[in-house]
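Here's the structure, in structure tokens; my notes come after.
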Amino acid sequence: MLEAEYLDEEKYDKAMDLSSRSLAEYILYREKIISKLETITNKDSEATIHNLILPKRSILKNNHNITTIYNNNLWLLDNKYMTYTTAMSERTMQEVVEEITQGVEQESDSNRPDLAIIFSDNPEDLSCKVDVVIIELKKRGIKLSKTEEVISQLKQRATKLMNYYPNRIQRIWFYGIVEFNDEFKLSLKNEHYTPLFSKDTLYYKENEWYLSLESDIPYKVGTYILSIDAFIKDAKAHNEIFLNILKEGFKACKIN
């Protein structure tokens, strides 16, 4: 129907009905995922959060495949991250880099970023540079020293990935999702992170990293550190817009 050059009134009404049902189902699915995240406490493992975003050890390719739409919830961080070329959950840095370089064999590296998302205008063209997003998670209720590990983990990923910048990688973003307390906020303040607007707590900094001891010019990489509550509340606020449209639609149908 979408590919038809012309739709008569009957076909148009049918198309609207089908699309409305599909979108309603998907929006309600999103709300269920958010509701599950809202119930997470410090008794739940990091894997609980992780699997709700993208099941551990999975690799998804080509976001145009509609069958994957219920297999990942990268929209929780931002809707724009649904337009991936490759999404990887707890795969090794070796695998991540090989994906970026399109199969060029890499040295063994068993470190596993929680989530890696790769974007490319043309993944088959090796001259086409990619954008990369790396996400690290920490569970609720851990000590400050364990929470601060998220920053050191992101630095380790940066050191590995910057070797391919700017020849193969054109942009990199890093995210750390953790539980905040005053101690951690002070730690970020002392590291010159800047608070940003959010439903809860979100900090940002352009970190400067050198590629090697011989490097004289550092590369700047954007790093976001957000609370688990910001992660959930911001996603809920975005989905609430669509929920309200659904509710108004139901009211209109009932009136008619």
Is a side-chain donor or acceptor of [X] paired with a backbone partner of [Y] at a separation under 3.5 angstrom?
{"X": "T85", "Y": "S120", "result": "yes"}
{"X": "K129", "Y": "P166", "result": "yes"}
{"X": "R140", "Y": "N42", "result": "no"}
{"X": "N181", "Y": "F184", "result": "yes"}
{"X": "E179", "Y": "G141", "result": "yes"}
{"X": "K205", "Y": "T194", "result": "no"}
{"X": "E148", "Y": "S145", "result": "no"}
{"X": "N244", "Y": "E240", "result": "yes"}
{"X": "R168", "Y": "I100", "result": "yes"}
{"X": "T48", "Y": "D44", "result": "no"}

For T92 and N111, what are the C-alpha separation, side-chain angles and deciding distance, and is it a side-chain contact (heavy atoms from CB on, under 4.5 Å)? CA-CA 5 Å; T92 67; N111 288 316; over 6 Å; no
So do [Y] and [X] actually touch side chain to side chain, heavy atoms under 4.5 Å?
{"X": "I134", "Y": "L115", "answer": "no"}
{"X": "T201", "Y": "D229", "answer": "no"}
{"X": "E99", "Y": "M88", "answer": "yes"}
{"X": "P113", "Y": "E136", "answer": "yes"}
{"X": "L186", "Y": "D182", "answer": "no"}
{"X": "I151", "Y": "T223", "answer": "no"}
{"X": "L243", "Y": "I27", "answer": "yes"}
{"X": "V221", "Y": "W173", "answer": "no"}

Less than 4.0 angstrom from a charged side-chain N to a carboxylate O is my criterion; do [X] and [Y] meet it?
{"X": "D131", "Y": "R171", "result": "yes"}
{"X": "E149", "Y": "K155", "result": "no"}
{"X": "K236", "Y": "E31", "result": "yes"}
{"X": "E90", "Y": "R112", "result": "no"}
{"X": "R157", "Y": "D114", "result": "no"}

Verify salt bridge (Lys or Arg N to Asp or Glu O under 4.0 Å) between K233 and D200, making sure each step is shown before the conclusion. CA-CA 7 Å; K233 290 178 181 179; D200 196 70; 3.8 Å; yes
[atom1] of [X] to [atom2] of [Y]: how many Å apart, nearest 0.5 Å?
{"X": "K220", "Y": "E208", "atom1": "NZ", "atom2": "CD", "value": "5.0 Å"}
{"X": "F231", "Y": "L202", "atom1": "CZ", "atom2": "CG", "value": "12.5 Å"}
{"X": "T86", "Y": "L60", "atom1": "OG1", "atom2": "CG", "value": "9.0 Å"}
{"X": "Y81", "Y": "D78", "atom1": "OH", "atom2": "CG", "value": "6.0 Å"}
{"X": "I69", "Y": "E25", "atom1": "CD1", "atom2": "CD", "value": "11.5 Å"}
{"X": "N207", "Y": "L154", "atom1": "CG", "atom2": "CG", "value": "8.5 Å"}

Pair V130-Q170, side-chain contact (heavy atoms from CB on, under 4.5 Å): steps then yes or no: CA-CA 6 Å; V130 300; Q170 63 182 349; over 6 Å; no
Could you report the tightest heavy-atom contact between K36 and T39, atom names first, then the distance? O-OG1, 2.7 Å
Ignoring hydrogens, what is the shortest heavy-atom contact between K139 and S45? Give both atom names and the distance. CB-C, 4.2 Å
Is there a path of hydrophobic side-chain contacts, each under 4.5 Å between heavy atoms of I/L/V/M/F/W/Y residues, joining [Y] to [X]?
{"X": "I245", "Y": "L23", "result": "no"}
{"X": "L161", "Y": "I59", "result": "yes"}
{"X": "I33", "Y": "Y70", "result": "yes"}

Check the angle between the aromatic planes of Y224 and Y204 and answer parallel, tilted or perpendicular using the 30° and 60° thresholds. tilted
Taking the inter-plane angle between the rings of Y203 and F180 on a 0 to 90° scale, is it parallel (under 30°), tilted (30 to 60°) or perpendicular (over 60°)? parallel
Do Y29 and N73 get their side chains close enough for a donor-acceptor pair, meaning under 3.5 Å? yes
Check: Q156/T159 side-chain N/O donor and acceptor closer than 3.5 Å: no
Let me know which of I135, L77, L76 forms a side chain to side chain contact (heavy atoms under 4.5 Å, CB included) with I53. L76
Does atom OH (Y164) have a neighbourhood of more than 12 heavy atoms from anything else shown, all under 6.0 Å? yes
Can you list the steps and then say if M162 with I172 is a side-chain contact (heavy atoms from CB on, under 4.5 Å)? CA-CA 9 Å; M162 294 304 283; I172 309 176; 3.6 Å; yes
If you apply the rule side-chain contact (heavy atoms from CB on, under 4.5 Å), what do you find for Y165 with Y219, and how did you get there? CA-CA 9 Å; Y165 179 90; Y219 288 98; 3.1 Å; yes
